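By convention in this document, chain letters (A, B, ...) are assigned in the order of the sequence lines, proteins followed by strands, and residues within each chain are numbered from 1. Since the structure is predicted, the reported quantities are computational estimates derived from the model, not experimental observations.
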Amino acid sequence: MSAAEEMKNEQSRQFERGTANTVLHIDDVHKSFAGLHALSDVDLDVREGETHAIIGPNGAGKSTLLNVCVGRLKPDRGAVVFDGEVLTGKSPHEINQLGVARVFQTPEVFPELTVLENVMVPALSKRDGHFRLNPFKNFFREKAIREEAESVLENVGLQAQLSGLASTMSRGDKRRLELAMGLIQHPRLLLLDEPTAGMARHDTNATIDLLKKIKEGGMTKVIIEHDMHVVFSLADRISVLAGGRIIAQGTPEEIKVDPRVKEAYLGEEQV
Amino acid sequence: MEKNVALKDTTLFFGFAAVILLLPILLEPIGANYPDLLQKIAIFGIFAIGFNILFGLTGYLSFGHAAFIGIGSYMTLWSFKLLTMNVVPAIMFSVILAGVFAYIIGFVSLRRSGIYFSILTLAFAQMCYSLAYSVLTPITNGETGLQTRAIRKSSETSLLDGDIRIIDQAFGVQELGVPTTNFFGMAMSGYTGFYFCAVLLIVCFFIAQRITRSNFGIMLKAIKSNQNRLNYTGIHTRPYLITAFVISGMYAGLAGSLMAATDPIAGAERMQWTASGEVVLMTILGGVGTLVGPVLGAGIIKYAEQKVSSWNEGILESFFSFLPETLQHFMANLGVLFVGEGWHTTLGLLFMIIVIFLPGGIMEGIRRIGAKFSRKKPEADTNAAAPQPAE
Ligand SMILES: Nc1ncnc2c1ncn2[C@@H]1O[C@H](COP(=O)(O)OP(=O)(O)O)[C@@H](O)[C@H]1O
Ligand SMILES: [Mg+2]
């Protein structure tokens with residue numbers, strides 16, 4: 001048995017016993033927009049090292065849940081706890097500094113900066129913290145950080161575009177760039193909002209491979225995904241969100257056969 | 001790549017320094033090499049470079065930077081009146097005081113972004129302007145303006161009308177009437193004054209260049225590009241913005257101080273919103289976010305201002321004298337709207353033309369022309385190379 005498989009077995013045993021470390025704990029979160037209940041009574045635990053997929057129909061509240069996690073939205077009720085720290089009420093940069101990175105659904109990059117700079121900025125933030133006054137430290141002399149950025153960009157397949165401006169990239173490439181921006185921070189928790197949406201099959205597969213590779217590195221991930229192929233090839237556990245509520249939770253095998261899930265979500269796709 | 005950038009920067013810096021130091025010669029053909037104008041170009045160059053650190057790098061458009069010019073000027077005058085006619089302490093105090101004010105104004109204004117930020121800075125500057133004319137007249141001397149005076153004979157005389165110059169007096173400097181401002185004995189007028197300002201301009205350029213290339217600079221650019229994303233990248237943007245605001249406020253304070261050092265009088269009109277608007281024009285005309293652009297914009301506007309506002313109907317009449325008489329009168333009457341007092345009309349027109357046809361300013365125009373030539377070259381090369389195999 002390979003070391004990786006052994007680790008996976010050990011992990012799943014821990015899951016069964018329920019003793020695995022919870023990295024992210026979402027506790028009874030409630031959020032409504034002018035009467036629309038986007039999230040109701042959401043409880044969710046993400047365990048150390050797992051890839052946790054959140055699936056559900058459009059408008060189910062998946063992105064809203066991530067927004068609550070990273071401090072973009074304040075929940076009406078409930079709290080998000082990361083590694084023992086309450087995130088609710090903290091600002092986005094503080095949450096990121098604690099080790100939570102996010103990849104957005106609509107790619108958010110720095111359009112006027114080069115691809116390389118786009119990735120070096122989050123690396124600097126990781127190294128230097130939320131504010132460091134160094135007006136005379138030459139950015140072009142940050143050799144270590146630049147090399148790291150180059151290697152991360154190579155991993156996501158953008159090595160050919162290092163000096164191009166991010167604004168000139170295709171949507172799919174921007175997604176990969178954002179992924180690189182998340183990865184270079186080596187976050188303890190990476191939140192991915194539909195990282196493959198709008199990608200061609202070929203690119204989707206490349207992204208899956210990449211995410212699998214990171215998984216071996218032990219990074220905890222929450223991934224929102226529409227593509228069932230992606231979900232079932234990556235996720236250790238899945239939570240199903242529908243109408244702002246978690247209607248099912250379990251391993252991919254359990255979710256596949258869950259009647260409620262079929263009804264709410266898989267049904268409409270697989271018919 | 002890193003070597004390329006370093007080499008380019010060094011070349012740019014030395015090129016810039018050379019051009020500035022040679023300005024008295026370079027500007028001779030267009031009759032712009034008299035000290036008064038040269039000083040103004042250098043001083044407004046400093047103002048615009050500093051303004052560009054805020055506006056060009058972060059995208060935050062301040063409409064109140066003239067306030068720091070005023071603060072620098074008044075502070076400098078008080079240093080002349082109370083301490084010494086040497087400009088060094090005056091400049092140091094002015095830059096520091098402008099920095100303190102910039103911190104306060106920035107702290108409040110940077111709670112907002114976009115147009116609200118601009119309006120807050122404008123409101124602050126207008127407040128300074130009207131305070132200078134009202135409550136603060138004991139410090140600013142109101143509409144008369146603050147001036148250096150001879151040493152007062154008795155302590156009854158108000159400090160506005162008689163100076164004390166403690167340091168100079170302690171060193172036993174003999175004064176006949178009102179002495180000139182100086183840099184350790186060198187009078188701050190004429191070409192000496194220009195070279196003093198020019199050296200400071202070059203230093204300021206160097207600092208701005210370093211900032212632009214620094215980690216701090218890249219964060220400022222990231223703020224301009226996508227501030228929201230930067231927050232989720234773990235960067236607290238507010239202290240970065242406040243620092244940029246303070247730095248650019250200090251540049252403006254230095255510019256204000258130099259205005260007073262080369263011409264020792266300070267009036268509140270330097271803080272009026274038109275003065276704040278002028279630096280915006282300079283920066284945009286030259287090229288926002290470029291290093292050289294703001295200085296170029298400052299130079300062009302100051303030169304054009306002196307020329308155009310000195311023209312009058314008589315000059316126009318003779319200029320159009322080659323036309324039939326009625327047409328000559330018509331053109332002169334039309335032209336007079338744009339010259340002399342009408343200089344601001346010309347400025348407005350120039351500004352509109354730039355914003356509409358060349359939003360990147362003159363530097364963008366230069367870049368485009370450069371790109372055209374470098375694109376033509378390879379084509380010419382291939383054309384030249386093509387027949388060769390046939391031979
Ligand atoms: N900022 C907002 N203001 C108002 N309504 C919102 C906002 N964000 C999301 N919603 C609504 O909340 C619901 C859930 O949205 P979202 O979380 O984006 O769904 P999903 O990502 O699962 O497709 C949708 O009905 C959406 O219209
Ligand atoms: Mg969504």
Side-chain angles (χ1 to χ4, degrees), chain A residues 66-67 70-72 91-104 107-114 116-143 145-146 150 162-163 165-167 178 181-182 184-185 187 191, chain B residues 1-10 13 50 53-54 56-59 103 203-204 206-248 250-251 288-290 360:
Chain A
L66 291 199
N67 284 337
V70 298
R72 179 173 260 192
S91 42
H93 72 267
E94 291 171 320
I95 294 175
N96 177 276
Q97 289 292 342
L98 288 172
V100 182
R102 164 159 191 195
V103 173
F104 286 83
E108 290 257 0
V109 296
F110 303 112
E112 287 85 10
L113 300 190
T114 67
L116 190 61
E117 287 167 344
N118 263 273
V119 183
M120 285 174 74
V121 164
L124 286 176
S125 152
K126 165 88 178 179
R127 191 193 68 189
D128 295 343
H130 66 86
F131 174 65
R132 172 120 174 239
L133 185 59
N134 41 9
F136 291 115
K137 173 91 182 139
N138 196 321
F139 181 68
F140 292 94
R141 299 243 164 81
E142 293 284 4
K143 212 162 171 244
I145 283 199
R146 197 182 62 230
E150 281 168 357
L162 296 182
S163 55
L165 290 186
S167 58
E178 242 211 301
M181 290 163 76
I184 199 164
Q185 291 196 315
L191 306 172
Chain B
M1 188 182 79
E2 114 197 59
K3 281 215 181 90
N4 264 342
V5 172
L7 184 68
K8 247 180 164 171
D9 279 1
T10 314
F13 173 73
I53 289 177
L54 181 71
L57 293 183
T58 72
Y103 182 79
V203 172
C204 284
F206 178 75
I207 295 174
Q209 194 179 33
R210 291 298 296 267
I211 289 177
T212 309
R213 295 283 179 240
S214 69
N215 291 357
F216 174 69
I218 203 88
M219 290 304 171
L220 298 184
K221 287 183 213 161
I223 288 176
K224 181 180 185 178
S225 192
N226 191 345
Q227 185 171 0
N228 191 37
R229 182 62 173 105
L230 199 57
N231 287 323
Y232 293 96
T233 308
I235 295 295
H236 192 22
T237 52
R238 197 171 146 74
Y240 281 97
L241 284 165
I242 291 180
T243 310
F245 195 89
V246 169
I247 292 173
S248 81
M250 289 166 92
Y251 268 73
V288 183
T290 64

When Met120(A), Glu178(A), Lys126(A) are compared by non-hydrogen pairs under 4.5 Å with chain B, the top option: Glu178(A)

From Arg72(A), Arg102(A), His93(A), residue fulfilling side chain to side chain donor-acceptor pair (under 3.5 Å) relative to Tyr232(B): Arg72(A)

Heavy-atom pairs under 4.5 Å with chain A, option from Asn231(B), Leu230(B), Thr212(B), Asn226(B) with the top count: Asn226(B)

Selection from Ile95(A), Asn118(A), Leu98(A), Val109(A) maximising heavy-atom pairs under 4.5 Å formed with chain B: Val109(A)

Which atoms of Ile247(B) approach chain A - backbone, side chain, both or neither, heavy atom under 4.5 Å: neither

Reported CG-to-CZ distance for the pair Asp9(B) and Phe140(A), which is rounded to 0.5 angstrom: 7.5 Å

Residue pair Asn215(B), Glu142(A): steps toward the side-chain contact (heavy atoms from CB on, under 4.5 Å) verdict: CA-CA 9 Å; Asn215(B) 291 357; Glu142(A) 293 284 4; 2.7 Å; yes

Gap separating the CD1 atom of Ile218(B) from the CG atom of Leu113(A), nearest 0.5 angstrom: 5.5 Å

Greater than 12 external heavy atoms within 6.0 Å of Phe136(A)'s CZ: yes

Euclidean distance, Asn134(A) CG relative to Ile211(B) CD1, rounded to 0.5 Å: 11.0 Å

Side chain / backbone / both / neither for Leu133(A) at chain B, heavy atoms under 4.5 Å: side chain

side-chain contact (heavy atoms from CB on, under 4.5 Å) evaluation trace for Phe104(A) with Arg229(B): CA-CA 9 Å; Phe104(A) 286 83; Arg229(B) 182 62 173 105; 4.1 Å; yes

Spacing of Lys137(A) atom NZ and Arg213(B) atom CZ [to the nearest 0.5 Å]: 16.0 Å

Exceeds 12 heavy-atom contacts within 6.0 angstrom, atom CZ of Phe13(B): yes

Chain B contact via Glu117(A) - which portion, at a heavy-atom distance below 4.5 Å: side chain

Inter-residue atom distance Thr233(B).OG1 - His130(A).NE2, 0.5 Å rounding: 14.5 Å

Spacing of CZ belonging to Phe216(B) relative to CZ belonging to Phe139(A), to within rounding of 0.5 Å: 14.5 Å

Proximity breakdown for Asp128(A) and chain B, heavy-atom pairs closer than 4.5 Å: side chain

Check: His236(B) main-chain N/O paired with Glu94(A) side-chain donor or acceptor under 3.5 Å: no

Residue pair Met219(B) / Ser125(A): nearest heavy atoms and the distance that separates them: CE-N, 4.5 Å

Option in Gly71(A), Pro111(A), Pro122(A) with maximal non-hydrogen atom pairs under 4.5 Å from chain B: Pro111(A)

